[in-house]
2 protein chains.
Amino acid sequence: MPDLSASLPAAVTRKDVARLAGVSTAVVSYVVNGGPKNVAPATQEKVRQAIATLGYRPNVTARALKMGSSRILGMVVPKITSPFFAKLAQAVEKAAEDEGYAMLLGDSRDSLTVERHHLSNFVDRQVDGVFLCSVLNHRPEVGELERRGIRTVLLNFSEYPLEIDAIGPEFVGSSRRAVEHLASHGHRDIALVQGLVTGNTLDGREVGWREALKGLGASEGRIFRCTFDRPGGYDAGQRFLALADRPTAVFVTSDEQAVGFLKALHEAGLRVPEDVAVMSFDGSEEAEFSWPPLSTVRQPVKQMAEAGVRAIIGSGRDEAPRTQVFDCELVLRASCGCQ
Amino acid sequence: MPDLSASLPAAVTRKDVARLAGVSTAVVSYVVNGGPKNVAPATQEKVRQAIATLGYRPNVTARALKMGSSRILGMVVPKITSPFFAKLAQAVEKAAEDEGYAMLLGDSRDSLTVERHHLSNFVDRQVDGVFLCSVLNHRPEVGELERRGIRTVLLNFSEYPLEIDAIGPEFVGSSRRAVEHLASHGHRDIALVQGLVTGNTLDGREVGWREALKGLGASEGRIFRCTFDRPGGYDAGQRFLALADRPTAVFVTSDEQAVGFLKALHEAGLRVPEDVAVMSFDGSEEAEFSWPPLSTVRQPVKQMAEAGVRAIIGSGRDEAPRTQVFDCELVLRASCGCQ
DNA sequence: CGTTCTGATTGACTCGAGTAGATCCCGCTG
DNA sequence: CAGCGGGATCTACTCGAGTCAATCAGAACG
């Protein structure tokens, strides 16, 4: 049927519906929200009819003002172009959507200043909760959020318990298992390509790698520190190649970095896994389609996102924040020597 | 200095500020917004002081209700995990942020139903504008948005002028140049890996490819249709490999697909570019770090995002919508035979 | 037939900020 | 000194929806 409504922003309000249905505005609300008072079936029908003919849609802004809840969640990521954070953002958005929430995305572009800006902006916009993937790997500054009573969940963090909710993979143990797997292929000199973390704590992946080496009785491994992205991994690869006595295997703290690292190896004509075996962390699609396909530690992104949404919208105001740690799965492909 | 404010959501309102400053609420508004009426310098100072001591932040929701503008833009992408859309989303978010707007992200996960859901949701949330990367490649259903006066910009679309704003790369000419470049390396049998488009129009990349082949007087090329992602490209690669008389070069409609295609070639032991030369479209970081590095058509993402924001917030209500087409740049790397 | 009870409905106030229109105060002019 | 102009300020209404207290209509009962 042809659309006959006006071309200007036709603002159909509760009042219009009430008038057409011949009831008061309160009744319209009761029908729309199914409460808090009952409405006689016949009246309900009249109201529904009016809503349908007018094409009434409640004004979410007005509701938000009245209820003090915007039904919007905010998410801050260091870089949405990182395959892992993209996957995480997708999962969070889906989980939020399933609960009727929309998601504001803030990309901090690896800058703490921008991260702070986004958080402060989210406060102003009265989001109901925030997912924070901080550029810091220690407790970020979320005082303002807490003060306003905005439930905040730290994602990709699980190092130690904090006074706020945190969700992350089991960094230490998963990394240890990854390194041990490399060792199972006969490697003893296993290096670490470690992303730079701006914080005073040790990254769990580094801890796991150390533990594994110690457990193997292997010599102390070498570390290549670089940024958490493809160019960083490439740069680490260059430094790796410059070594006279190269390690035979490498554990890389993210798929992205591993892809850059692989590029450096390819350029030098080294074969993977024959000359250098590689394992990485995250489990993004990127790892599956690199060459050779990367063995990696897969984070249960979907579960983490759902747990995050639950922590924000499903928990009472006074419920104590907690840190939830998720087990990861070793995905074995060609780069470590499997297959 | 220590924070002494209450731990409960301290809702400091305009009223509190007015009381402390000893003025009316209207004056507070005038000071905060710099108008529409003047306030005596001395009074301004008092108000500013009160705002500072109370830590007052205007309630954006209330303002949105009154003004009918949320200062939020919505963006819908088919898949945020696609490197190209991630880059685009990042650029749009940045451009929006620079203008004081926040961005709601909706991931439609390649589903038209979900896309519609997001759009309808954005309408309810009274966003001030929408960026739409539709899963359709023809005019999507944005009637509702238009009816509510929400300015909408179609991104990644430039095939033909529409009654709504559209922004996209110069698909046809850029693709023609890419294919001609492959030809310049001596190739005559150049295949196309074409993403599936749900619409009745021809994809500009396909048109450009055809034009180039015709211009070269080459025989009609072969087409491998597949989904617009890595697995799709891989699948196309499998079909390509099954051919008895394989083309010597391939033009792929996205970096993502090209990465999947490369994987198939690698598995079969074919060398790139010696056995098969490859060029793709988009210009994401993914292309730079694949092996071999992919020659690609780089879209000017930043400029397109900025133009998009301008189209939404900088244009008058009655300004006629227009299609803006952006020139792309050929980035030549190893996969085509350069270097 | 009057009273009481109960469920349906309504009027009116609220959320917090924008702003028009009314008011106030001061200094200047005739 | 009355009258006027004009800037500063305040009062009060508005945006659209949620919901409580009050009201109303009708049924049930004595």
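So that the names make sense, note that chain A is the first sequence line, chain B the second, and so on, each numbered from 1.
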Does A/Asp128 come within less than 4.0 Å of A/Arg151, counting only side-chain N to carboxylate O?
-> no
How many Å lie between NZ on A/Lys15 and C1' on C/dG11, as a whole number?
-> 13 Å
What does B/Val28 touch in the nucleic acid at a heavy-atom separation under 4.0 angstrom: a base, only the sugar-phosphate, or nothing?
-> nothing
May I ask you to decide whether A/Glu99 forms a salt bridge with A/Lys94, counting only side-chain N to carboxylate O separations under 4.0 Å?
-> no
Any side-chain N or O of A/Asn33 under 4.0 Å from OP1/OP2 of D/dG18?
-> yes
Choosing from D/dA8, C/dC15, D/dT19, which nucleotide comes nearest the side chain of A/Lys66?
-> C/dC15
Is the distance from OP1 or OP2 of D/dT19 to the nearest side-chain N or O of A/Ser29 less than 4.0 Å?
-> no
Salt bridge B/Asp107-B/Lys79, side-chain N to carboxylate O under 4.0 Å | no
Classify the nucleic acid contact of A/Ala40 as base, sugar-phosphate or nothing, counting any heavy atom under 4.0 Å across all strands shown.
-> sugar-phosphate
When rounded to the nearest 0.5 Å, the distance separating CG of A/Leu73 from CD of A/Glu97 is 12.0 Å
Between the CZ atom in A/Phe85 and the OG atom in A/Ser108, the distance rounded to the nearest 0.5 Å is 8.5 Å
So what does B/Val32 hit on the nucleic acid, given a heavy-atom distance under 4.0 Å: a base, only sugar-phosphate, or nothing?
-> nothing
Does a nitrogen or oxygen in the side chain of B/Thr43 sit under 4.0 Å from OP1 or OP2 of D/dA8?
-> no
Considering only side-chain heavy atoms of B/Tyr30, which listed nucleotide, C/dG21, C/dG18, C/dA12, is closest?
-> C/dG21
Determine the sole option in B/Leu20, B/Leu54, B/Asn59 for which the side chain to side chain contact (heavy atoms under 4.5 Å, CB included) test with B/Val12 is passed.
-> B/Leu54
Judged by modelled atom types alone, do A/Ser29 and A/Arg14 share a side-chain donor-acceptor pair under 3.5 Å?
-> yes
Calculate the interatomic distance between A/Arg125 atom CZ and C/dA17 atom C1'; express it in whole Å.
-> 16 Å
Steps toward side-chain contact (heavy atoms from CB on, under 4.5 Å) verdict (A/Asp165, A/Thr152) | CA-CA 6 Å; A/Asp165 283 291; A/Thr152 304; over 6 Å; no
How many Å lie between CG on B/Asp124 and P on D/dG16, as a whole number?
-> 15 Å
Interface residues of residues 55-64 of chain B with DNA chain D (non-hydrogen, below 4.0 angstrom) | none
Closest of D/dA8, C/dT10, C/dG16 to the A/Leu65 side chain is C/dG16
Using atom CZ of A/Arg71 as one end and atom P of D/dG18 as the other, report the distance to the nearest whole Å.
-> 12 Å
A/Lys37 atom NZ is separated from D/dA17 atom P, nearest whole Å, by 19 Å
Please give, in whole Å, the distance from C/dT9 P to A/Gln44 CD?
-> 9 Å
With the side chain of A/Met67 defined as its heavy atoms from C-beta on, choose the nearest nucleotide among C/dA8, D/dT19, C/dG18.
-> D/dT19
Give one of base, sugar-phosphate or nothing for A/Val27, where a contact means two heavy atoms less than 4.0 Å apart.
-> base
Rounded to whole Å, CG of A/Asn38 lies from P of D/dG18 at a distance of 17 Å
Ignoring the backbone of B/Pro36, work out which of C/dT19, C/dA8, C/dG11 is nearest its side chain.
-> C/dT19
Whole angstrom is fine here: how far is it from CZ in A/Arg14 over to P in D/dT14?
-> 15 Å
